[in-house]
Amino acid sequence: MTFSRRAWLGAAAATTVAPWAPALGRRPYGGTLRISVPWPVTSIDPHDLHDPAAAILGASLFEPLFALDRTGAPYPTLAAALPKQLKSGVLVELRPELKTASGRSLTVADATWSLTRARTRGARGLLFGLGRPRATPGGILLPSGSPTAVARALASPLCALVPRTFSSTKPDGCGAFAAKIRTGRITLRRNQRAARGPAFLSRIVVKHATSIEAALRAFESGDADVGWLGTHLYRPRPDAVAFNAGAFGWIVLRTGTLAGGAWGAPGVAQRLVDALQPAQLSRFGLGKLPNPSGSPRWGGPAGELLVAADSPYLVALAKVLAAALQQPGHEIRVRQQSRAAIAQRRRRSDFLLMLDLVRRVGPGRDGTSLSLQTAANPTLGAVSPSAKRTARQLGRTLPLGVIGEFRIYGAHARSFVGIGAWHLPGVWR
Amino acid sequence: MRPYFPGLFLAAISSFSAASAAQEPKAPPAPPPRAKCPTGSGSAIAEVACELHRQVGRTPGALLVASPITASGVDGAKLTDTLARVVAGQLNATVAGPAKTLGAARNLASRKGTLLYLRASIAAGEVRVNLDKYPVPKNFWARIRDPRPAPSKHAFASRRFDPELRTFMPRPPLLAKVVVRAKSVESKAVALACEDLDGDGALDLVVVGRRRIHTGRISAGRFKVERSVEWSALSPIAPAPLRQPIAAAEIVRGQGLRVGITDRRDGLHLDARLGVSKRFRALPWPGGGCANRAGVYLHGAPTGCGKAQESSDAPEFDAIAGATVLSKEGAKTYRAGRVQQMTSRSYAVLSTPGAAPSKIPGVGAQLAVGDLNGDGQVELVAGTDTQRRKNDAIQFFSVRQGAVTKTQSTPAPGGVDALAICPAETNGRAAVVAAVGAELWVLR
């Protein structure tokens, strides 16, 4: 993608702090937002391409070096300015005096460590072409790429900066909230050191729901302020306001090496999921599904459909899929495993079928292509994004099939303002 | 004019000089003139007299005569008389009575050694005083040689109107009757300041945006920028800026502009050319001192700029304003801050040392403090506590002995983003400048 001079000038003029909010009476600070999600809330890793908690809450806890404005032009956020072209590469200068929520200084060494870590994880396809990042006295040096390409790549949420002491169970970043993880919940508190401004809300409590229905029931009964994937289960809540924040990733069905031969080939998974009846999947909020075509019957060896045990959403979907795909002689059992085990088997492609979440790496079809290609081949280096194909079209060339989008939508209590875009730092009541 | 008898003329001068030196009464040793006279901290007339004394020095035995003031609505005779008496007292001179023309003054001073001729005028919210020291021809020949000698010294002083000067003028109304709208340079200003920044005697307006600071004047329906500077050239970004910035700006007459915004790390003292003369890590509090950050708010207790916060139980503010108001009791610094409330109406706290703070409910996060009608009492101007721009208004509150009265509310459906009170430019009401969306409103 190329950038016009106007886009660059716009980017240069853009501020690194949060967009304008009307002063007047000012948006009030304070309040607690309660969310119940059928997803695991035991850890958050911004560099993990498959971490659902990072997809839901990552932007509230972590910040990348750049962000993209509405026109797609990058502007500095944790960087002090747009990247500079040097003879030795592209230099990114870090803003001075940055601190993480825990009070640690975020230095060039931390930023370089973060990018190196991201490069070996979810941002692999995105960063591989820019070379290995190096800490220099002036900032972070990326040996390849143009300043534009570097800024755009580093605007990805998968390139968020974290301190070198980072742990996904004790997440620490420069975002608007600080997180504390306890059994069954993540509590986000306003981060007074936030590099782009502390959040308006004092707190967000995210609880783990044991099922999609339980998450919705929590909203209906007033135990949560956000209805996940719907406005109600039995009867509408009077103060419910529907919202749709859009897609933050995709739910995919993978085929692994255990499928063997023709059933493990690229495009098989996509062909199977394209044949599913949309009605079977309606409660999963997967976005607009195509009219079914072909047969959804699995013809490969009988075996297991792997799914992360701590993801009630995926487990429920896996059960529907297994029932829809299997046929006599080709039975499919849903096997729940820990996320660590799933990650290991994903890396080795050591499975028959696997249900997975893939986070969006970047905007547009470029981002779609990067996300799915990186997800499809864990050992892949550089990825050439394709701006021409949709997610499903890409799935026909990959060993994973896109079932639908991972969308954040539903309803929220009327007293909260700004949830619609799912930019939680800007939500107020 | 050539003297007809030069030799005689010179002899006469020399004999007169010797005689006058012998006859001049011995004055007590004059105190040295003050190196610097106060500005805005006491009586403006006394400060003017101090300035003139500093420039002219003591002139014992001189006759001080004032020129009549002609300014509409001003009690010129009384003002001239008061000025003449105070200045004469400071200079150890004698006052000649009612105002006179220079010719009449020369005649009156013919028996004195020195004439001090004072001319006062009222302009741009100031009293401006010229003082000329004339030698007086002592005899016939001297008068023939130079009947109208040029002044041997000249002095000038000016001060803004204070409550004492206001007593010589008609009391201006508290209500703003005229709203002048001009196109602004910033679509959403975050702070305004109004004073004479460059010392040219005319008011300057400073418009602070999130990216730039501009100085200029309103002319022909638009804000004409004289200077602009990018924030990025002045200060790095704050380590933890606020999503909704809090900004403050104040022009300190003769000293420059104090400005700060929570987006940026440094609060700044800028000169008239917008060059940095001082940095501090706090927000300048108009009226003096600074406000330190307290989480997402500002500490309600002012500190020295760049100084650590002392513990206090003051409330935390999301907007600040302040001003020094001259009253009959002297200069008083008033500070205002807004306390944000989630469940009830937000309110402003207006305080001055030695008095209980006043609570003013229902105000927005745009505040300005000053004396609008020059009566020595403070007024607060504020936006409305609303999240909807179309419901916004510029509210005027008058505070008398702690009692708050809302005197006016002017709807501003574009939303009030910033407010400032200008010093009075005429003998009327001080103007209020409001940034309303992409416009600047001047309310007189």
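Numbered from 1 within each chain, the chains take letters A, B, ... in sequence-line order. Since this is a predicted model, take the numbers as computed values, not measurements. Note that these values count all heavy atoms, side chains included, but never hydrogens, waters or copies made by symmetry.
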How about A:Pro28 and B:Gln387: do any of their side-chain heavy atoms sit closer than 4.5 Å?
->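 Heavy-atom side-chain distance check passes, below 4.5 Å.
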Provide the closest heavy-atom pair for A:Gln192 versus B:Ala240 in the form atom of the first, atom of the second, distance.
->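 Minimum heavy-atom separation between A:Gln192 and B:Ala240: O-CB, 3.5 Å.
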Of all the heavy-atom pairs spanning B:Pro241 and A:Pro198, show the shortest one and how long it is.
->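 Heavy atoms only, the tightest pair is O-CD, 3.3 Å.
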To the nearest 0.5 angstrom, please state how far the [atom1] atom of [X] sits from the [atom2] atom of [Y].
X	Y	atom1	atom2	answer
B:Asp263	A:Arg196	CG	CZ	11.5 Å
B:Leu242	A:Tyr29	CG	OH	4.5 Å
B:Gln340	A:Arg26	CD	CZ	8.0 Å

Got more than 12 heavy atoms from elsewhere within 6.0 Å of CZ, A:Arg237?
->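 More than 12 within 6.0 Å, yes.
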Neighbour count above 12 (heavy atom, 6.0 Å) for B:Arg279 CZ =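 Yes, the 6.0 Å shell around CZ holds more than 12 heavy atoms from other groups.
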Sidechain-backbone polar pair: A:Glu97 side chain, B:Ala238 backbone, donor-acceptor under 3.5 Å =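 Here the side-chain-to-backbone pair does not exist.
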Looking at A:Ala199, A:Cys174, A:Gly30, which one has more heavy-atom pairs under 4.5 Å with chain B than the rest?
->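 Most pairs with chain B among the choices: A:Gly30.
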Under 4.5 Å heavy-atom distance to chain B, tell me which part of A:Arg190 shows up: side chain, backbone, both or neither.
->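 Looking at A:Arg190, just its side chain touches chain B.
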